[in-house]
Engineer: 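Here it is, the structure in full.
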Amino acid sequence: MSFKKLDRREAVSSLLEHRANLLIVSGLGSPTYDVHAAGDCDQNFYLWGAMGGAAMMGLGLAIARPEKSVLVITGDGEQLMGIGGLATIGVQKPKNLTLAILDNGHFGETGMQKSHTSHGVDLVTIARGSGFFEAVEINNFSELNKIKKKINLNLGSLFINIKIDNNSHDRSLPTLDGVEIKNRFRRSLN
Amino acid sequence: MSDTKQYKIKSSWEECLFNALKQAGVKQLPYVPDAGHSKVIDMAHKDPDIRPVVLTTEEEGVALSCGAWLGGEKSVLLMQSSGVGNCINMLSLLSNCNFPFLTIVTMRGEYGEFNSWQVPMSAATQKSLELMGLTVLRVDDEDEVGPTVDAALYSVYSSDQRIAILLSQKLIGRKNW
């Protein structure tokens, strides 16, 4: 039995493998690079800032487009900054919203300081207590493959906390032009 | 003979505000409650065509509003002046991406305020918003609430502007306190 944690790039590639109808919002830092590395797409909204806002952008988008499936991919640090958003999502209960947290237990962009999740804070428990339809911790590909099939079923808000190692990768950089990122996303939906 | 004379009942400023939101097609109404907004929040909860979203902190509403617009829906953020301070970094999202945005802020700490703890953020509210690139429209007269919201929504959603409407404590105080 292996205790090797998942690699972030492999996990994100797997999540986006058959993305079809998925609208993506990525949190600043490595999650944005990971989503870009998996393949640039007009329906990726890459955040380069606004820390703590990714899940709430996903909520506004999910409410606006109930026929689509919205997947927010962000880090543990980013979600911790927007922790109240889990309660806000739990009240709204959008069926078409999934949060996938790449949880390496560290603030990877700023020198790998330990985050709260390295000190025992459990995001899955918080999500469950906030009223998510399903909240799970993922430690391997077989668990990831099982849960990812539910993302586009729109059965209820999903919270997928993916435990990853803290290896870093070469940066894969999307454009910094936020106006372009926004406009191409909106054009692709119309 | 009975008196059949018709009296024109003047709409409250809250009704005018809510009607302006409805007529512009606003669909999502994120808010952190304030007594000054309480009637509008109640109206939103009774209206099937508008989605009120209660927040834990105001900056959630800035991000939510941007997400709504990505998906093609209009939204307006309701908060009180103390909440503006909570939004500062999230407001950078608006200028980085040129998102349209309207917030309606009820003022505390400026007129007949009994709680001095409300005063410092109140005094910094307009400048903070302007420093982050928003246009600020202040309303002191209840008859101007509806027209100002209507005009602001037109500017915001016809040309990607970012506007904050401040409803003065004098205006709100006259009705609700």
Side-chain angles (χ1 to χ4, degrees), chain A residues 23-25 27-28 42-70 72 74 78 81-94 96-97 130 175-190, chain B residues 25-33 41 44-45 48-79 83 86-103 132-133 157 159-162:
Chain A
L23 306 178
I24 309 292
V25 176
L28 80 170
D42 286 355
Q43 298 192 343
N44 291 348
F45 189 89
Y46 305 109
L47 282 160
W48 277 96
M51 185 162 173
M56 294 311 298
M57 277 198 91
L59 176 62
L61 179 57
I63 292 172
R65 302 306 292 232
E67 80 285 8
K68 298 279 190 179
S69 301
V70 176
V72 175
T74 191
E78 206 274 346
M81 188 174 282
I83 198 74
L86 299 185
T88 297
I89 292 166
V91 173
Q92 297 303 318
K93 300 195 182 335
N96 57 332
L97 177 63
S130 299
T175 176
L176 275 161
D177 182 348
V179 179
E180 168 61 11
I181 296 168
K182 176 195 72 173
N183 286 341
R184 68 177 201 159
F185 191 103
R186 282 173 47 81
R187 267 198 308 273
S188 78
L189 280 179
N190 291 331
Chain B
V26 171
K27 293 292 181 193
Q28 298 187 33
L29 197 65
Y31 67 90
V32 172
I41 292 167
H45 276 278
D49 295 327
I50 203 156
R51 173 96 168 231
V53 179
V54 63
L55 309 169
T56 70
T57 177
E58 290 82 357
E59 67 263 37
E60 290 176 9
V62 178
L64 181 104
S65 176
C66 296
W69 186 241
L70 273 187
E73 281 196 348
K74 297 176 184 176
S75 75
V76 169
L77 170 60
L78 305 181
M79 61 177 155
N86 293 345
C87 293
I88 299 299
N89 183 51
M90 203 61 77
L91 293 172
S92 68
L93 183 55
L94 306 177
S95 33
N96 278 320
C97 304
N98 208 26
F99 272 111
F101 179 74
L102 177 63
T103 180
M132 292 311 296
Y157 284 109
S159 60
D160 291 345
Q161 297 188 47
R162 295 172 285 285

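By convention in this document, chain letters (A, B, ...) are assigned in the order of the sequence lines, proteins followed by strands, and residues within each chain are numbered from 1. Remember, predicted model here, so these are calculated numbers, not experimental data.
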Engineer: What part of A:I181 lies closer than 4.5 angstrom to a heavy atom of chain B: side chain, backbone, both or neither?
Structural biologist: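 It is neither, since no heavy atom gets under 4.5 Å.
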Engineer: Side-chain contact test, heavy atoms from C-beta onward, threshold under 4.5 Å: evaluate it for B:V54 versus A:T88 and give yes or no.
Structural biologist: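 B:V54 vs A:T88: side chains apart.
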Engineer: Would the distance check show the side chain of A:R186 and the main-chain N or O of B:W69 forming a donor-acceptor pair, the cut-off being under 3.5 Å?
Structural biologist: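 Yes, the answer is positive, given that a donor and an acceptor are paired below the 3.5 Å cut-off.
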Engineer: If you compare all heavy atoms of B:A63 against all heavy atoms of A:G53, which two are closest, and at what distance to 0.1 Å?
Structural biologist: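 It is CB-O, 3.4 Å.
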Engineer: Verify, without hydrogens or angle tests, whether A:R65 (side chain) and B:A68 (backbone) share a donor-acceptor contact under 3.5 angstrom.
Structural biologist: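 No, A:R65 side chain to B:A68 backbone: no donor-acceptor pair under 3.5 Å.
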Engineer: Give the member of A:A64, A:G178, A:G52 that has the highest number of heavy-atom pairs under 4.5 Å with chain B.
Structural biologist: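 Greatest number of close heavy-atom pairs with chain B: A:A64.
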Engineer: Under a 3.5 Å distance rule, please check whether B:E60 uses its side chain to pair with a backbone N or O of A:G85 as donor and acceptor.
Structural biologist: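 Yes: the side chain of B:E60 pairs with the backbone of A:G85.
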Engineer: Which heavy atom in A:A50 sits nearest to a heavy atom in B:M90, and how many Å separate them?
Structural biologist: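 That closest heavy-atom pairing would be CB-SD, 3.6 Å.
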Engineer: Could you check whether any side-chain heavy atom of A:M56 comes within less than 4.5 Å of a side-chain heavy atom of B:L55, counting everything from C-beta outward?
Structural biologist: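 Yes, their side chains come closer than 4.5 Å.
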Engineer: Could you tell me whether the side chain of A:K182 reaches within less than 4.5 Å of the side chain of B:D160, counting heavy atoms only?
Structural biologist: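 Yes - at least one pair of side-chain heavy atoms lies under 4.5 Å apart.
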Engineer: Using non-hydrogen atoms and a 4.5 Å limit, figure out which bit of A:I83 sits close to chain B: side chain, backbone, both or neither.
Structural biologist: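 It is neither, since no heavy atom gets under 4.5 Å.
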Engineer: Checking heavy atoms, do the side chain of B:N98, its backbone, both or neither come under 4.5 Å from chain A?
Structural biologist: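 Looking at B:N98, backbone and side chain both touch chain A.
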Engineer: Is there a side chain to side chain contact (heavy atoms under 4.5 Å, CB included) between A:I63 and B:V53 once you walk through the steps?
Structural biologist: CA-CA 10 Å; A:I63 292 172; B:V53 179; 4.2 Å; yes
Engineer: Considering only heavy atoms, which portion of B:P30 lies under 4.5 Å from any heavy atom of chain A: side chain, backbone, both, or neither?
Structural biologist: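 B:P30 has no heavy atom closer than 4.5 Å to chain A.
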Engineer: Let me confirm one number: the CG-CG distance from B:L64 to A:L61, rounded to the nearest 0.5 Å.
Structural biologist: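 Result: 10.0 Å between the selected atoms.
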Engineer: Rounded to the nearest 0.5 Å, what's the gap from CE on A:M51 to CG on B:L93? Could you check?
Structural biologist: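 Atom-to-atom, A:M51:CE and B:L93:CG are 14.5 Å apart.
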Engineer: Side-chain contact test, heavy atoms from C-beta onward, threshold under 4.5 Å: evaluate it for A:F45 versus B:C66 and give yes or no.
Structural biologist: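 A:F45 vs B:C66: side chains apart.
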Engineer: With a 4.5 Å heavy-atom cut-off, do B:T56 and A:L86 have their side chains touching?
Structural biologist: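 Of all side-chain heavy-atom pairs linking A:L86 with B:T56, none is under 4.5 Å.
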